**Student:** 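Handing you a structure now.
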Amino acid sequence: MENRRVLIGMSGGVDSSVSALILKQKGYEPIGATLELFTSSSCCNIETYLDAKNVCNFIGIPHLTYNYKEQFKKYVIEDFINCYKNCKTPNPCIECNKYMKFGAMWEKAKELDCNYIATGHYAKTEYSEEYSRWVLKKSNNLKKDQSYVLWNIPKELIEHVLFPLAEFENKEEIREIARKSELKVANKPDSEDICFIPDGNYKKFLENNSEIRPKQGNIVNSKGEVLGKHTGLYNYTIGQRKGLGIAYKVPLFVLGFNPAKNEVIVGEEKELYKKEITVNDINLLLVDKIEEEMEVEVKTRYSTKSAKAKIIQNNDKIRVVFDEAQRALTPGQSAVFYINDIVVGGGKIEK
């Protein structure tokens, strides 16, 4: 008889709460788990713990909490800080998914004899006859689809992951289920910020939690001409236009950095476009290796549309050649590869 026990990540929000309810209604044996990751963050505070526990009590399933603050600091916070030290723009949700929600939580699930883990992410897993393996796919709700932040999970885990919200077309359907089921979190607002920076001020966070400090240097153009002064490389990101403090004949944008000279490099918008990037820290889900050139769609930020490209693997890196030049491709951000709605894999933009 199939083991239908599932450990579900509970944040106290409406998505994870309805996910737990759906699992129970489908005959699974859910156990709610709330991970303590960072004190006073938007998803780790007394209110979220109580909301998660109350939902579990209401629908009649167990609820457990686990303290993973040290692991979160090591794998997510330190990576976030190191990215900014190295003039990269991180996406901490991707590290959190890899190491915490689909790493530490899966280890805990096995201890509890669970065959599955589940989250309230908008994504889908299924067995593909075409590829003879379990695959990660986009959610039916394309506006909320979160497959982009899940590319880094271990491929052997996909068959053990359940996404109960995969088939829903919009968020209002989820809230309606919560209201009809009398879940008190039905109208709780979504969390949009970086969970450990609830006020959105990442610069203050870096200054308070690392040795990163404002260090003035030159703003230069691609010819090396000095156009102004900056307040510290970590205060700028590729594609940024506002806040440069430069009066110039045409609008200027941040193109990149020269850490050795402590310079911010700026230029015209047309200089922001590139046809090619190199991707490292790769994780392939659909294939074990890209043996020959592959045509895919590539998403380079969570909020941008995907673009057609060819990908070529060279040992532990992938070269991405876009059909059309793309704007503000940013080191540290993820490039995620798709064939139709299936996630091929992804990696971090190196350059």
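Remember, it's a predicted structure, so these values are computed and weren't measured experimentally. These numbers come from the heavy atoms of this one structure, side chains and all, not from hydrogens, waters or symmetry mates.
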**Student:** Between K171 and D15, does any side-chain N to carboxylate O distance fall below 4.0 Å?
**Tutor:**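 D15 and K171: salt-bridged.
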
**Student:** Verify ring pair (Phe, Tyr, Trp, His ring centres under 6.0 Å) between F196 and F205, making sure each step is shown before the conclusion.
**Tutor:** CA-CA 9 Å; F196 54 91; F205 178 87; 5.2 Å; yes

**Student:** What residue pairs, at least two apart or across chains, pass side-chain hydrogen bond (donor to acceptor under 3.5 Å, both in side chains) with a residue in residues 64-81?
**Tutor:** T39-K69

**Student:** Tell me, please, which residues at least two apart from N235 pass side-chain contact (heavy atoms from CB on, under 4.5 Å).
**Tutor:** K203, T231

**Student:** Quick one: salt bridge (Lys or Arg N to Asp or Glu O under 4.0 Å) pairs with a partner in residues 146-161, sequence neighbours left out?
**Tutor:**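 Output for this query lists K155-D288.
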
**Student:** Please determine whether a side-chain nitrogen of the Lys or Arg among D51 and K184 lies less than 4.0 Å from a carboxylate oxygen of the Asp or Glu.
**Tutor:** no

**Student:** Is the closest basic N to carboxylate O distance between K138 and D145 below 4.0 Å?
**Tutor:** no

**Student:** Give a yes or no on this: more than 12 heavy atoms of other residues, nucleotides or ligands lie within 6.0 Å of atom NZ of K229.
**Tutor:** yes

**Student:** Is the terminal nitrogen or CZ of R327 (NZ for Lys, CZ for Arg) located under 6.0 angstrom from the six-membered ring centre of F253 and within 45° of that ring's axis?
**Tutor:** yes

**Student:** Would L35 end up clustered with Y116 when hydrophobic side chains under 4.5 Å apart are linked, directly or stepwise?
**Tutor:** no

**Student:** Under 6.0 Å from the ring centre and within 45 degrees of the ring axis: does the NZ or CZ of K308 meet both conditions for the six-membered ring of F322?
**Tutor:** no

**Student:** Salt bridge check, E172 against R175: does any charged N sit closer than 4.0 Å to a carboxylate O?
**Tutor:** no

**Student:** Closer than 4.0 angstrom, basic N to acidic O: yes or no for E269 and R241?
**Tutor:**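 R241 and E269: not salt-bridged.
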
**Student:** Evaluate the ring pair (Phe, Tyr, Trp, His ring centres under 6.0 Å) criterion for residues Y202 and Y234: first the C-alpha distance (whole Å), next the side-chain angles of each, then the deciding distance (0.1 Å), finally the verdict.
**Tutor:** CA-CA 10 Å; Y202 78 91; Y234 65 100; 7.6 Å; no

**Student:** Compute whether any side-chain donor of one residue and acceptor of the other, for N187 and R179, lie under 3.5 angstrom apart.
**Tutor:**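 Per modelled atom types, N187 and R179 side chains form a pair under 3.5 Å.
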
